[in-house]
Amino acid sequence: MGVAVAGTVFIALGAFWLSFTSLSTLARDCGIPADRAWMWPLIVDGVIVVATVSVVAVSGSGQDRHAARYPWLLLSAGAAVSVLANASHAIVTADAKVPSVLAALVAAVPPVVLVAITHLTVELTRHPAPRPRATAGAPSHPVQRPARATKPTGRGDEDGRVGEALRLRAGTSLTNREIAARLGVHPSTVGRWLKSRPARMLTAPPVAPALEAGADEADETRNVQERRQQ
């Protein structure tokens, strides 16, 4: 990586120097004083360098595409001015034996290379965001945690818990708080359940077992009588 960056910087400096000398000479020929002619190539090629860096920075920052329009506009304008100026200087100063088109193409190479190599240099020196490292001994795949059990909230479940609350109140001496702790609800909920039921449901002892026992005794008596009649 270091060798690649060094090579791109060296090529960029060479392209900049060739373009600089051509543009400064053209500026002097166009009437700009010699002590200030060197500023014109700095302005033209400096726009190319700064706009290229800006395009890469905006593109890698995740901003909207519209944010990169202005840097691209500056890059295109600077590259166009530099290429045309270098080509014009080559056409004017080239030897008569050399075709004007060939001289213009040769002179246009440095500014084009300057744009491309500056972009490459910025790409090579840009540091990507570091990825989070896995801790030592941690599994590489996400751990599947068991899902928490959720209590059903349907109407049937509520009726079942109401019935259980009634049974506990009628058959035990538990308080509303203790019944609520068993059923996993608030004590006020148990109080509301018990309040909405008739009082006889809270105090009357269960009669189903007694009725079943009485029915069994009646059946047994009836069987004994039938055997005696036979």
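If you're wondering where the values come from, they're calculated on a predicted model, not measured in any experiment. Positions are given from 1 along the sequence.
- Heavy atoms only, all atoms of each residue included: Pro41 and Leu23 are closest at CB-CB, 3.5 Å.
- Panel note: side chain Ser19, backbone Ala15; no donor-acceptor pair is recorded below 3.5 Å.
- Here the shortest heavy-atom pairing between Arg28 and Ala37 reads CG-CB, 3.3 Å.
- In terms of heavy-atom proximity, Ser24 sits nearest to Trp38 at CB-CA, 4.3 Å.
- Two residues are said to be in side-chain contact when any heavy atoms from C-beta on lie closer than 4.5 Å; Val115 and Pro111 fail this criterion.
- The heavy-atom pair separating Ala90 from Ala107 by the smallest distance is CB-CB, 3.3 Å.
- Rounded to the nearest 0.5 Å, atoms CG (Leu74) and CD1 (Ile48) are 11.0 Å apart.
- Residue Leu26 comes nearest to Ala85 through the heavy atom pair CD2-O, 3.4 Å, listed as atom of the first residue, atom of the second, then distance.
- Note that the CG atom of Asn176 and the CG atom of Leu183 stand 10.5 Å from one another [nearest 0.5 Å].
- Note that CD1 of Ile11 is 4.5 Å distant from CD1 of Ile117, once rounded to the nearest 0.5 Å.
- Val81 and Trp17 fall into different hydrophobic clusters, where Ile, Leu, Val, Met, Phe, Trp and Tyr side chains are chained together by heavy-atom contacts under 4.5 Å.
- Ser82 contributes atom OG, which lies 9.0 Å from atom CG of Leu84 (distance to the nearest 0.5 angstrom).
- A pairwise comparison of heavy atoms in Ser100 and Ile91 identifies O-CG1, 3.7 Å as the closest pair.
- When atom types are taken as modelled, the side chain of Thr25 and the backbone of Thr21 share a donor-acceptor pair closer than 3.5 angstrom.
- Distance check: Leu13 CG to Leu18 CG gives 11.0 Å after rounding to the nearest 0.5 Å.
- Looking only at side-chain heavy atoms (C-beta outward), Arg182 and Leu174 come within less than 4.5 Å of each other.
- One distance of note links CZ of Phe20 with CG of Asp45; it measures 9.0 Å at 0.5 Å rounding.
- Side-chain heavy atoms closer than 4.5 Å link hydrophobic residues (I, L, V, M, F, W, Y) into clusters, and following such links, possibly through other members, connects Leu166 to Val185.
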